[in-house]
Amino acid sequence: MKYSDASVWENNMKLIIRRGLAELIDLTCCWIVSLFLQMVLPFNLGNAVMGGWMQSAGWMFIVAVAYETFCDAVFAQTFGKRLMFLEVRTANDLDLSLTRSLVRSLIKNVCIFFLYSILAAFSMLYMATQNLHSSFHDRITETEVWTKKRHM
């Protein structure tokens, strides 16, 4: 059975929305942890570099990179991806190593924290027109995000 263009577009949009919701969930978790670290630890990473409204950006960046690297390398998904039934795979069935997960997380979080408005638009456009399962950080690390099979 051949899929119509409408169903392909609908499936693509659902995956983009699920990836976006997973990212919001993960960033919210990282934000809560970074606020806690900012209150408990006597120094502020973001204030020295960025100041003003970006005070917690330093902690947020470190927490997000550590969290995503660990979760992707060990479980192939973060908490947000788990809730949205997504998982990270390599494009060519290689191991999702700690190094690959770290590089993926660094590229992704640099885009989110420092170049978000510009690169997020290009990344979403790329995903929608080229390969829905791979964004910029996925292409560089040869990973993909797929809907996880549900066990009932």
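Starting from 1, each residue takes its place in the sequence as its number. Quick caveat: nothing in here was measured; it's all calculated off a predicted structure.
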Task: Lys/Arg N to Asp/Glu carboxylate O, Glu87 vs Arg82, below 4.0 Å - done: no

Task: ILVMFWY cluster membership beyond Phe75 - transitive side-chain contacts under 4.5 angstrom - done: Phe70, Val74

TODO: Mark yes when over 12 heavy atoms from residues, nucleotides or ligands other than Arg89 sit less than 6.0 Å from its CZ; otherwise mark no.
DONE: yes

- [ ] Looking only at non-hydrogen atoms, find the nearest pair between Thr78 and Asp72 and report the distance.
- [x] CG2-OD1, 3.8 Å

TODO: Using modelled atom types only, decide if a donor and an acceptor are shared between the side chain of Gln77 and the backbone of Leu86 within a distance under 3.5 Å.
DONE: yes

Open item on the list: Which residues pass the side-chain contact (heavy atoms from CB on, under 4.5 Å) test with Val65, not counting sequence neighbours?
Closed with: Phe61, Thr69, Leu102, Ser105, Leu106, Asn109

Task: Co-membership, hydrophobic cluster, residues Ile17 and Leu15, 4.5 Å side-chain - done: yes

- [ ] State, yes or no, whether a side-chain contact exists between Thr147 and Met84 at a heavy-atom distance under 4.5 Å.
- [x] no

Open item on the list: How close do Gly80 and Ile25 get, counting heavy atoms only, and between which atoms?
Closed with: CA-CG2, 3.7 Å

Open item on the list: Let me confirm one number: the OH-CG distance from Tyr67 to Leu27, rounded to the nearest 0.5 Å.
Closed with: 9.5 Å

Open item on the list: Rounded at 0.5 Å granularity, tell me how far CZ in Arg100 sits from CG in Leu98.
Closed with: 12.0 Å

Open item on the list: Do Glu142 and Thr90 make a side-chain contact, defined as non-hydrogen atoms from C-beta onward lying under 4.5 Å apart?
Closed with: no

Task: Residue pair Arg18 / Lys81, side-chain heavy-atom distance below 4.5 Å - done: no

- [ ] Enter the distance from Glu68:CD to Phe79:CZ here, rounded to the nearest 0.5 Å.
- [x] 14.5 Å

